[in-house]
Amino acid sequence: MTECSSLEDFVERHRSLFILTGAGCSTSSGIPDYRNADGQWKRQQPVTYQAFMRDETTRRRYWARSLIGWRRIRGARPNAAHRALARLEVMGRSEILLTQNVDRLHQAAGSARVIDLHGRLDLVRCMGCQRRMSRDELQEQLIRLNAGWLGLTATDAPDGDADLESADFSSFAVPSCRRCGGVLKPDVVFFGENVPRDRVDAAARHLMRADAMLIVGSSLMVYSGFRFVQWAASVGKPAAAVNLGRTRADGLIALKVEQACEAALAFLL
Ligand SMILES: [Zn+2]
């Protein structure tokens, strides 16, 4: 494996990059990170697929929090890290950008060669008939049905969360599918849920075509992302990582840059 002294050197030497991004890419756009520098949960663990599908109270709590949290995601704008990675694509250096983020900020920055590994938060899917609708359309329904809950938006997170934790969710109305009455779920992969097989296969084919892997802003604690680093290592493709704090793949990567994503990628802009 060739030694690279800097990220610029790494990008210079490897023509075609398989780019894997995570939450660290979006933190300076105001989207909170789940984990601290040790890869541990900062706050309570996100809702699981099993709890969401099984339990109506879990769904009421999820959508009540989402009614308020969606505004922040909806208003988020791409930052310099997203723009730097879009620039790599313009330079013809991106084989694919595989993102674990569900915020669509890479696309907002101009990246087109993107696979949303964990889905997208701007869409909602019916678990009965598979019909998709926009999150904005559901937001209008949620507001119409739960006007009284909008007062809680006065206190934003983290205190807003605490307020919501103590609230009685039985009065929160959750719409179901207009066509079949099925359960509506954000079109994202929840914890405890598998990434669709065809999506994994498509990403794996891109990995085989790439010369090297570039990881940006991910601790790789979730196996769905980590396995791509394992596959790259197993076929001898070098990997570089930009992340504040440790990653699960520290033993598998050739170059580690412990900087904020925007700073580490600034040489591209
Ligand atoms: Zn349906």
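For ligands, and for the atoms within them, numbers begin at 1 and follow the listed sequence. Quick note: residue numbers are just sequence positions, from 1.
Both the sub-6.0 Å distance and the 45° axial angle are not jointly satisfied by Lys237 relative to the ring of Phe18. Geometric assessment of Arg60 against the ring of Phe169 yields a negative cation-pi assignment under the 6.0 Å and 45° thresholds.
Under the rule for a salt bridge (Lys or Arg N to Asp or Glu O under 4.0 Å), the partners of Asp201 that lie at least two apart in sequence or sit in another chain are Arg197.
Results of the side chain to side chain contact (heavy atoms under 4.5 Å, CB included) test with Phe52 over Arg61, Arg59, Met127 single out Arg59 as the only residue that passes.
Inspection of the Ser170 and Asp168 side chains reveals an N or O donor paired with an N or O acceptor under 3.5 Å.
Atoms of the protein (N, O or S only) found under 2.8 Å from the Zn ion (ligand 1) are Cys126 SG, Cys129 SG, Cys177 SG, Cys180 SG.
Taking 4.5 Å as the limit, every side-chain heavy atom of Phe172 sits out of range of all side-chain heavy atoms of Thr57.
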